[in-house]
Each structure stands twice: as structure tokens, then as C-alpha cells.
**Student:** 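Okay, handing you the structure first.
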Protein chains: 2
Amino acid sequence: MLRLSKLTDYAVVVMVRLAEVSPGSNPDVQTSPGIAAATGVPEPTVAKVLKTLAATGLVTSQRGARGGYRLARPLHAISVSEVIAAVDGPIALVACVDGSLNECESQGLCPVRGRWDPVNDAIERALSGITLADMREAAVPPLFRVPALMPAAE
Amino acid sequence: MLRLSKLTDYAVVVMVRLAEVSPGSNPDVQTSPGIAAATGVPEPTVAKVLKTLAATGLVTSQRGARGGYRLARPLHAISVSEVIAAVDGPIALVACVDGSLNECESQGLCPVRGRWDPVNDAIERALSGITLADMREAAVPPLFRVPALMPAAE
DNA sequence: TGTAACAGGACTGCTTCGGTCCTGATTGCT
DNA sequence: AGCAATCAGGACCGAAGCAGTCCTGTTACA
């Protein structure tokens, strides 16, 4: 699997949406309900994701009436690894890496203690090279979205 | 997190162990209990991992008495991505990638449909470049493996 | 002063994983 | 030929983490 959480996926969706400033309606911030309506993600979940992202500094928040959220940086300056780290916590494949070295039950026997570090680094490096702008533009070209492949959607 | 399962970690441990043919005792195969004793991983778990690996072809099995397991290829010819794919299933970060395209509830709205593919590919590429031999050699220097830490094993 | 929106929790149902066990099929040895 | 050792392939259960919701403040604008 090597699956990342759904929240991370939502975070990307939300941030990409956040980059598309709705023309005219709001000055520069967007509210949770608005993003929820635009993306199809449930409102409470959007709010949760945004709060997490705000706590990490990837988005900035404006409190009070007429408040909302805004990207702290443009899409091309935010790497995927940052988003993952913000939502899912630091990238750590196994318990051995990171700091918790004294948990492994088979201490002296385990012949791969710490060996996941290079793997972690490789993934970290690969993810740092991809920005949200890449994810927004790179994939599915508009031509690909033929109506036949999108049954009754959009 | 981006955490992979413990089973994958065990798989690496077991396969590295499998590469170290116990001198003299067995001709070329090793049994589940033997590997369990050598690695400290519980026997049923070792058996489960080995069965999974055998089903994928990463190790070959010899049934019957005096049977056991053996690496299908040398360590340096087995990439980490193969092991992960064998144990945890295909590398797919989110449900959107791979084949299941019709599950996403917010079909037409989701602005990053398929966008995870490049991320997946990047990770796949990073992981393909690392072999089990790398994981075995890179980290913890041999000096660390003092005999005192290998109690009554083999 | 009232309202709209974020902040930051706690809480619960659920999925998935980790781990164990059981019953067969196969092969080597006696 | 019979027995024992070993793999094969499930089913099964408990635990842990996640997804999602909700509630109570706090802030800022009209």
C-alpha cells in the first residue's frame, strides 16, 4: 500500500482550490463552507484540514466576519512533502526511523535497524521535488476528460 | 506518516536473514522456525511473511520434510519497491490512482484527479533504486553486532 | 452589539492491520 | 508403505489508528 491518509488528499484538493481565487466574490480569502461547496468535500472535514494547515503555516487565516483562509505561498512554492508532513506528521516509514530507537523488540537481532533511513530520504527527496502546481497542471490533460470517461459527472 | 506496514519491515528482515545461508546446517533452504529464532520475529508472523513472499515469487519454497525457503534472487537484485508491493500490495498513495477510477465520490469536482500519479511514480522510482543489499550494508556498522546480543540463536 | 467565521479541542464509529491458529497438501526419511 | 516435518491457504480475533462530527470558545467586521 504505502498509502497516505485521505486527509492529505483533501488537503491538496483544498489548497489547489484555495489558489483559484473566486473572481469578484471575495477579496482574497475563502471560507470553509465555500471551499466545501466548491470541492464537494464535507464542510467539517474541510474545516479540519484547513485548521491543520493553518497550524503548520501552509495557509494563513483571517478570523472574524468576512474572514477565511488564504495560501501562505503560491502553489509552485509548496512541495507535496510539506503537505504530507503537515497533515500526516513527519514522513517515517517504520517505527525504527525517526527518534524512537528503543522500541524495537528485537533490538540486537534486527539486521536492518536504521536501514530504512536511506529509503526515507529517497522518498523525501522525491516528494520535495514535486509542488502543488505540478499536481495541478501536470496530470490529466483537459483533452483526456472526454465525456465518455466521466459518466454523468460534470 | 506515509507509513508502511510492519509486515514489510519484517519481510526485509527475513529476506536479509535468508541471504545469510547458515554454514553447514542446511544445504540451501531455511525453515520458518529457524528464521524466527534467528531474527526474533514470532514464528507465525515469519511464516505468514514467507508465504506471502513465496506467492509473489520473491522467495522459492521447498515443501515437505527438509523443506524451507530460499531467495529467488540475490539481495542486490531485489528492490525495496518489490518487497513493498509484495507484502503491502501495489504502491498506491490514494484511492484515485491505480485502476479504481470510479470510486471517488466527488468525481467531476475533484481538481486533482489522477494528479497523484506523478507522485506515485516518483516514489516508485526512488524505491526501485534501492536494493535489499543496500539496506543490509548501508547502516549499522558490523561492530555493533557484538556476540552478546545474539543469545542462543543457531 | 450582534453575527460570521476561525481555533482547538473531545468524542465516536469504523476500517485496517497485526498476530494467531487451524486444516489440508506435499515431500523426505525410516 | 507409513510417518513426520514442512509449506499452503485460509479464517479468525483483538487492537490501533483514522475519518468524520460536534461543541465551546475567541476574534473581527458591520
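Proteins come first, then strands; the chains are lettered A, B, ... in the order of their sequence lines, and each starts at number 1. FYI, side chains are in, hydrogens and waters are out, and symmetry mates aren't considered; it's all heavy atoms of this structure.
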**Student:** Do any pairs count as a salt bridge (Lys or Arg N to Asp or Glu O under 4.0 Å) and have a residue in residues 49-63 of chain B, sequence neighbours left out, and if so which ones?
**Tutor:** none
**Student:** Could you tell me how far apart A/Tyr69 (OH) and C/dG8 (P) are, to the nearest whole angstrom?
**Tutor:** 9 Å
**Student:** Tell me, which of residues 56-65 of chain A have any heavy atom that sits under 4.0 Å from an atom in DNA chain D?
**Tutor:** A/Gln62, A/Arg63, A/Gly64, A/Ala65
**Student:** Nearest-Å distance, CG (A/Leu50) to P (C/dG8)?
**Tutor:** 13 Å
**Student:** Out of C/dG19, D/dG20, D/dC18, which nucleotide sits closest to the side chain of A/Ser5?
**Tutor:** D/dC18
**Student:** Find the distance B/Lys6:NZ to D/dA16:C1' and express it as a whole number of Å.
**Tutor:** 10 Å
**Student:** B/Glu43 CD to C/dG18 C1': how many Å, rounded?
**Tutor:** 17 Å
**Student:** Looking only at side-chain atoms of A/Ser32, point me to the closest of C/dC6, C/dG19, D/dC7.
**Tutor:** C/dC6
**Student:** Compare the minimum distances between each of C/dT20, C/dA7, D/dA8 and the side chain of B/Pro42, then state the nucleotide with the smallest one.
**Tutor:** C/dT20
**Student:** Can you tell me how far the CD atom of B/Glu43 sits from the OG1 atom of B/Thr31, to the nearest 0.5 Å?
**Tutor:** 8.5 Å
**Student:** Test of understanding: with side-chain contact (heavy atoms from CB on, under 4.5 Å), list the residues that count as partners of A/Pro44, not counting sequence neighbours.
**Tutor:** A/Pro42
**Student:** Starting at atom CZ of B/Arg66, determine the distance to atom P of D/dT6, rounded to an integer number of angstrom.
**Tutor:** 8 Å
**Student:** Using whole Å, what does the distance between atom P of nucleotide C/dC6 and atom CG of A/Leu53 come to?
**Tutor:** 13 Å
**Student:** Does B/Tyr10 have a side-chain nitrogen or oxygen under 4.0 Å from the phosphate oxygens OP1 or OP2 of C/dG19?
**Tutor:** yes
**Student:** Output all residues satisfying side-chain hydrogen bond (donor to acceptor under 3.5 Å, both in side chains) with A/Thr8, sequence neighbours left out; order by chain, then residue number.
**Tutor:** A/Ser5, A/Asp88
**Student:** Is the shortest side-chain heavy-atom distance between A/Met135 and B/Val119 below 4.5 Å?
**Tutor:** yes
**Student:** Can you see if the side chain of B/Thr31 gets near the phosphate of D/dA5 - specifically, an N or O under 4.0 Å from OP1 or OP2?
**Tutor:** no
**Student:** Starting at atom CD1 of B/Ile35, determine the distance to atom P of D/dT6, rounded to an integer number of angstrom.
**Tutor:** 12 Å
**Student:** How close do B/Ala11 and B/Val87 get, heavy atom to heavy atom, and via which atoms?
**Tutor:** CB-CG2, 3.7 Å
**Student:** Under the side-chain contact (heavy atoms from CB on, under 4.5 Å) test against B/Arg125, which residue among B/Asp121, B/Leu127, B/Ile123 passes?
**Tutor:** B/Asp121
**Student:** Identify each atom pair where a protein N or O and an N or O of nucleotides 9-11 of chain D are less than 3.5 Å apart, giving names and distance.
**Tutor:**
{"unit_1": "D/dG9", "atom_1": "N7", "unit_2": "B/Lys51", "atom_2": "NZ", "d": "2.9"}
{"unit_1": "D/dG9", "atom_1": "O6", "unit_2": "B/Lys51", "atom_2": "NZ", "d": "3.0"}

**Student:** Would you tabulate the side-chain donor-acceptor contacts of residues 69-84 of chain B under 3.5 Å, counting partners in other chains and residues two or more places apart, or write 'none'?
**Tutor:**
{"unit_1": "B/Arg70", "atom_1": "NH1", "unit_2": "B/Asp28", "atom_2": "OD2", "d": "2.5"}
{"unit_1": "B/Arg73", "atom_1": "NH1", "unit_2": "B/Ala77", "atom_2": "O", "d": "3.0"}
{"unit_1": "B/Arg73", "atom_1": "NH1", "unit_2": "B/Glu82", "atom_2": "OE2", "d": "3.3"}
{"unit_1": "B/Arg73", "atom_1": "NH2", "unit_2": "B/Glu82", "atom_2": "OE2", "d": "2.9"}
{"unit_1": "B/Ser79", "atom_1": "OG", "unit_2": "B/Ser81", "atom_2": "OG", "d": "3.0"}
{"unit_1": "B/Ser79", "atom_1": "OG", "unit_2": "B/Glu82", "atom_2": "N", "d": "3.4"}
{"unit_1": "B/Ser79", "atom_1": "OG", "unit_2": "B/Glu82", "atom_2": "OE1", "d": "3.4"}
{"unit_1": "B/Ser81", "atom_1": "OG", "unit_2": "B/Ser128", "atom_2": "OG", "d": "3.4"}
{"unit_1": "B/Glu82", "atom_1": "OE1", "unit_2": "B/Ser79", "atom_2": "N", "d": "3.0"}

**Student:** With side-chain contact (heavy atoms from CB on, under 4.5 Å) as the test, pick out the partner of B/Met15 among B/Leu50, B/Val49, B/Leu58.
**Tutor:** B/Leu58
**Student:** Would you classify A/Leu7 as touching base, sugar-phosphate or nothing, given that sugar-phosphate means primed atoms plus P, OP1 and OP2, and contacts are heavy atoms under 4.0 Å?
**Tutor:** sugar-phosphate
